[in-house]
Every structure is written in structure tokens, then in C-alpha cells.
Amino acid sequence: MLFSRALIPTVKEVPGDATNQSHILLTRAGFLRKVGAGIYDFLPLGLRVLRKVERIVREEMDRAGGQEILMPVLLPAELYKESGRWDLYGDVLFRLKDRKGGDYNLAPTHEEVVTDIARREIKSWRDMPKNLYQIQTKFRDEPRARGGLLRCREFIMKDAYSFDTTEEGAKASYEAMRVAYTRTFDRMGLRYRMVAADSGAMGGSTSAEFQVLADSGEDAIVACGNCDYAANVEVATARTISPARAAMATTMPIIRLHTPGHGTIEQVTTLLKIKPQDMFKSLLYTAPGSPDLIMVVVRGDHEVNELRVARALGVAEVFLAAEADVKKATGADLGFAGPVGFSGKIIVDRAAAAVRNGVTGANETDWHLGNVNHGQNFQADVVDVRLAATGDPCPNCEKGTFTAYKGIEAGHIFILGTHYSAKMGANFLDESQQSKPVIMGCYGIGVSRLVATAIEQHNDQDGMRWPMSLAPYQLHICSLGKDAPVAEAAKKLHDELEALGVEVLWDDRDERPGVKFKDADLIGIPLRVTIGAKGLANGQLELKPRTEPDPKKAELIAVADAARVLADRVKAALAS
RNA sequence: CGGGGCGUAGCGCAGCCUGGUAGCGCACCUGGUUCGGGACCAGGGAGUCGGAGGUUCAAAUCCUCUCGCCCCGACCA
């Protein structure tokens, strides 16, 4: 491809609304343009990367026994009404009406549609196992689209669905997908962890997320330094160290502490010269169906795991109470809530329950209490409700400790069981002529999100650094100056490489060298070839990998057999 | 959903407080000089100031409504 003919609108200025590297670089390098909130154009280079991601995903799904299908995005509401998600999905579901006033929605995912296929086409135990997948656009009206391609309202996803006759079969299907995902992300050169995850509203028994490690990620995960255990903090078990210590300390009589204007943990610890782990942090939550606020108490240095709070209360989710409600329930301003004397239900985390002679809010503005002890000064249900964090002991091997990471969820695999098949009547006849619901699994990969995710892990101050497997082109030729021999040599090399099956971008523009080098670094094609008049006079051209930080460091290659040598380099990089 | 902020040329922004001829940088076009890490000089084109209504002799500027967009938060009470 000739740069002069391509649409590659690079810009020097950082887009005003971009906050993360992938969004900034995709925009600056001319891969992506914003159309609306969470809605984007893929320009030629961006689409080429997207296609590379799709190709790898497709190859690995096919290898694992999947069959590709294509389901519609526009869905009659009946399907989602049948599964109950027409109501459950709430505002996230894009809804519309046709000219007759009939209800429709845009598909946020396709369990209902694929289950509809299954109930019509999969009738016998002989028809299974099956694995159907598609690469298709999804629509979700996110409360807040953000991060460029990382969280969009319209995005491209690979979703696969497995159908089995038995639990064991479903587990085998799940395992095949796990292996396929590992291969997929390995081929993309990503650093990731497979982590235990919440099955959430999906209602399945087994699920795991593939989290690509990146500081810009929205998800928090913890991983053991000693064994393979890794989990989303939502589900990680945070164990408490030596509860025996608590029993040893003698309790002291409660005291009142004047803390005017000091409401936060940080302010109180500074004022009283104590450590956060000697404080009780009290948060108030509302739960659907419960008129009263629930107080959750964790140690001052810990965070509340809201998912676990919800589980402990037997509800789907809980919400932090509004400021006005907190004042009403405690009689004090924010920052001075505490369990002593609180009349409502209290849940205390196991670690907080072990705190002896701790400090907490007095439910009176500008006052705290000292020497507070669970069991003596307040009663509460003891439940593990805190988030796991760095340094916590691993519950799996009991030797290692957790390290916390930020991750971008790139894939999620579930065993769904009969959640949808039972509800929608996707049944089959087994060998003994009994009708049973098929056992399903579902497996997603965020295809368009991966384009951005790869950049989050592969960039530097000059631009993107694509792995060969995802690069929009494999080799970038910069021809410098206007000398006819240089242009001729570049054209010859370009044509020869294309004939050898190499994807080449030749910067043939009438631009100064600096402009070409800056654009080449920004676009981030893994191999760059420079052809200049001086080198050409010696029969040489220069090869520089994008990952080489020294701009002057380049390998000299004889022009005579450059095409063959370079094609071999590309092949080698693809194979590694 | 709560809080904050922004909509002015293709992009990034100033001007608004204190109403009076719409500006800067990048990009773009023309000519010239340059040419191995985002050149320089000269000239030029390009904007219903998000939209609607109002106040006023006069509105980008003040008021009301509305649409769009961004950030923070959905936590440390």
C-alpha cells in the first residue's frame, strides 16, 4: 500500500476528550474517529487491526470445534420478554418500535437468540455437543461510555455458545474454550491472567475472566505470588491473619474523643496519631426491599466488597446510602457514623471484628469513640465482606500472598447450565427418550476492545508498538528524498515484498524525513525499512524494529536480496 | 443516578466576567527557500459562536429552556 493513496490522517495534537493511551494513540495515528459517545469509526488502519483480531479469534474458535453463524442485531422483544431480560436489563437495553408500534431491542448479547436456534434445531442427544459462535456488533446503553474503545455503546464481540447433554460434557466444552482463549491471547502477545469471577446475573456455576493486565483497566484482581490462584477482587476470599491476637489483648473502657471536623479515616488517624487498622470504618447501605439502612463495618484500612454484602443479605445488589439518609439514620454528619448504639442491622467484617480497642464514629457530629470492641460495645453478624488486597494470604496454597493488579476484561467464559434452555424450552430427547433441557455454556471475547487493549500494553512515548500478529501492516518503508533511484528502489522492494505475501506500507509521500519517522513511530508497524540516497549508493538499506529505542541504531541490509531477507524476518516474527 | 465542566474554522483553544467589526496555534491552499527525527518566509481560503426563545438600539458575551459531549463518583461515612 502506498501511504500517499491511503487514508491515514495522523494528527500531532492530543484529542481533548481522550484520557488513556489507546484512545489518544488510535486517534492521533488515524485509526479511529469518534462519532458520538461510545460510538466510533474504524478508519483503514483501525479496521485492518480489527480484522487481524477477528482472524485470530476465528481460527482458534474453529480449531476448538466452533461453527460460525451470524445472528441478527435487531430483535423482536418477544425473545427478551421470554427470558425475563426485557425487564431485568433496564436502561442498558436499547429499545425501539417499528412502524406498527411493535417492541424491538438491539442485542446486547445473544443467549436468547441462540437458545431459540437450539430449541428449533437441536432435538436429540445425537445432535450434541455443538458449539456455535459469531463475531457481531452488540449494543449496550452503558451508564457511562469511556476510555475510547474500552467501553463503548456499540462494540464488536465474539460470542460462542456450547450445547451439551450432560454436566461432564459441558465441562469439556468449557475446557476446550479455556484452551482456545489461552491460545488466542498468547497469539496476540498479551500479558493476562485467567481469574475466578462472579457469574452474576448469568446464573451459572463456573466462570472465569481473562484479564489483560493494564493500569488503565477498570477491574481489580488479585493474584497469588506462589500458586496459580488469581481472582477478581469481587470474588477473592480475603483471609484474616491470626485472629488469636485479638483474644489476647485486654479490652479497655470506652472513651469519647473530640474530633471536630475530622470525619475521614485519614483525618482521624492523623489527629489521633493512630493507624487505620485500629479503626472501624462504617458504611451505610440500602438494599432493595429493605426500608432501613444496613451498616457495614470493616477495618479502617480495608474496603467493602459490595457483592459480598449483597450475598450476605440475600439480595442482588446493594447501594451506598444517600447523604441525607445517613444523617437521618445516625443523627450525625458524614464521617461520624459508628456501630455503637446504631439501631439497625450491622454486618461486621471478620478482620474488623478482631480489632481490639478500636476507634469509630460516635453517631454524633465531631465526636468519635475509643476502645470500641465488637461483642462488648456492639453486636453484629460476622461475615467476610471486605475486598482482598495486596499482602493478604492466599486461600488456595496458604503460603503465598496476594498482589493486586488492574485488568481489562478481554474474555469471560461461563457454564450457564439450563438457565436459558429451561426457561425457553430448549429440550432434547436423551437415549432413554426422556426430554431434558440442554446444558449450555457461553464464551465472550471483546473483539473491538482488544484493539485498544493491545495498545494499552504495547506503546511508548512515540506511539504504538504492534506485535506482528496484530499490526495493520507488517513492514513500513520510508523512502527519503526525491532522488529517482531511491524511489525506484523503494517501489521495487515494495512490489517484491507484496509478491512474497508481506503486508507493506510504503511512505512515498513528499514529506521531510522527520515527518515520516514520526508518523512511522506513531503508527507502530513492527519493522521499519529506511531507504536513503547515501545508503543506496552503497547498495544498502536500513532495518529498525519499532521496539529499538535508539533512533540511530539500525541494521544494514544489502538491497540486492532485501525482499527475501525482510520477508523471512516477518515470518519469523509471526511464528514466535 | 448524583457532582463538576465544556460546546466558537477540520483539530486544539482564547474571547464571555465588564454586550459594540470573531481571534490564535495546528491542519488545508498558492509561491519560494529547505530536506536523516513533526522546517522557514510570504500570501490565502475556511466559522448559522450546539439549538430555540427572551432582554437590548445592539448578544459568542446577559437570562430561560433544550440538545450534545467530557470528567469525577458510583466506595473509605
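This structure is a prediction, so every number in the text was calculated from the model and none was measured. Each chain gets a letter, A, B and so on, in the order its sequence line appears, and its residues count up from 1.
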Nearest 0.5 Å, please: how far is CG in A:Leu313 from CD1 in A:Ile347?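 Result: 4.0 Å between the selected atoms.
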Taking only the P atom of each, what is the distance from B:C70 to B:U8 in whole angstrom?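 Rounded to whole Å, the distance is 14 Å.
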Pairwise C1' distance, B:U34 and B:G47 [rounded to whole Å]: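 These two C1' atoms come out 33 Å apart once rounded.
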To the nearest Å, how far apart are A:His23 NE2 and B:G12 C1'?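 It works out to 14 Å between those atoms.
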Nearest-Å distance, CD (A:Glu511) to P (B:G38)?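 It works out to 13 Å between those atoms.
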I want to verify a distance call: between [options], whose nearest atom is closest to the [X] side chain?
X        : options             : value
A:Lys482 : B:C71, B:U34, B:C76 : B:U34
A:Arg512 : B:C35, B:C70, B:C76 : B:C35
A:Arg528 : B:G37, B:C70, B:U34 : B:G37
A:Ala37  : B:C70, B:A77, B:G38 : B:C70
A:Asp521 : B:C26, B:G36, B:G37 : B:G37
A:Arg146 : B:G36, B:C75, B:C71 : B:C71

Is it true that a side-chain atom of A:Asp521 and a backbone atom of A:Asp462 form a donor plus acceptor pair closer than 3.5 Å?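 Not confirmed, A:Asp521 side chain does not pair with A:Asp462 backbone.
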Counting only Watson-Crick or G-U wobble pairs whose two distances fall under 3.5 Å, which nucleotide matches B:G7?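 Pair assignment: B:G7 / B:C67.
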Watson-Crick/G-U partner (both atom distances under 3.5 Å) of B:A39: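 Per the H-bond distance test, B:U33.
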Any side-chain N or O of A:Lys12 under 4.0 Å from OP1/OP2 of B:A27?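 For A:Lys12, the contact criterion (side-chain N or O under 4.0 Å from OP1 or OP2 of B:A27) is met.
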Are the charged groups of A:Asp103 and A:Arg95 less than 4.0 angstrom apart, N to O?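 Answer for the salt bridge query: no.
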Salt bridge between A:Glu496 and A:Lys492, side-chain N to carboxylate O under 4.0 Å?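 Yes.
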Do A:Asp219 and A:Asn232 meet the criterion of a side-chain donor-acceptor pair at a distance under 3.5 Å?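 No, no side-chain donor-acceptor contact under 3.5 Å.
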If you take atom types as modelled and just measure distance, does the side chain of A:Glu13 reach the base of B:G10 with a donor-acceptor pair under 3.5 Å?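 No.
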Can you find an N or O donor on one side and an acceptor on the other, under 3.5 Å apart, linking the side chain of A:Arg33 with the base of B:G10?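 No.
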Quick check: on RNA chain B, is the nucleotide nearest A:Leu320 upstream (toward 5') of the one nearest A:Ile531, or the reverse? Name the residue that is more 5'.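 That would be A:Ile531.
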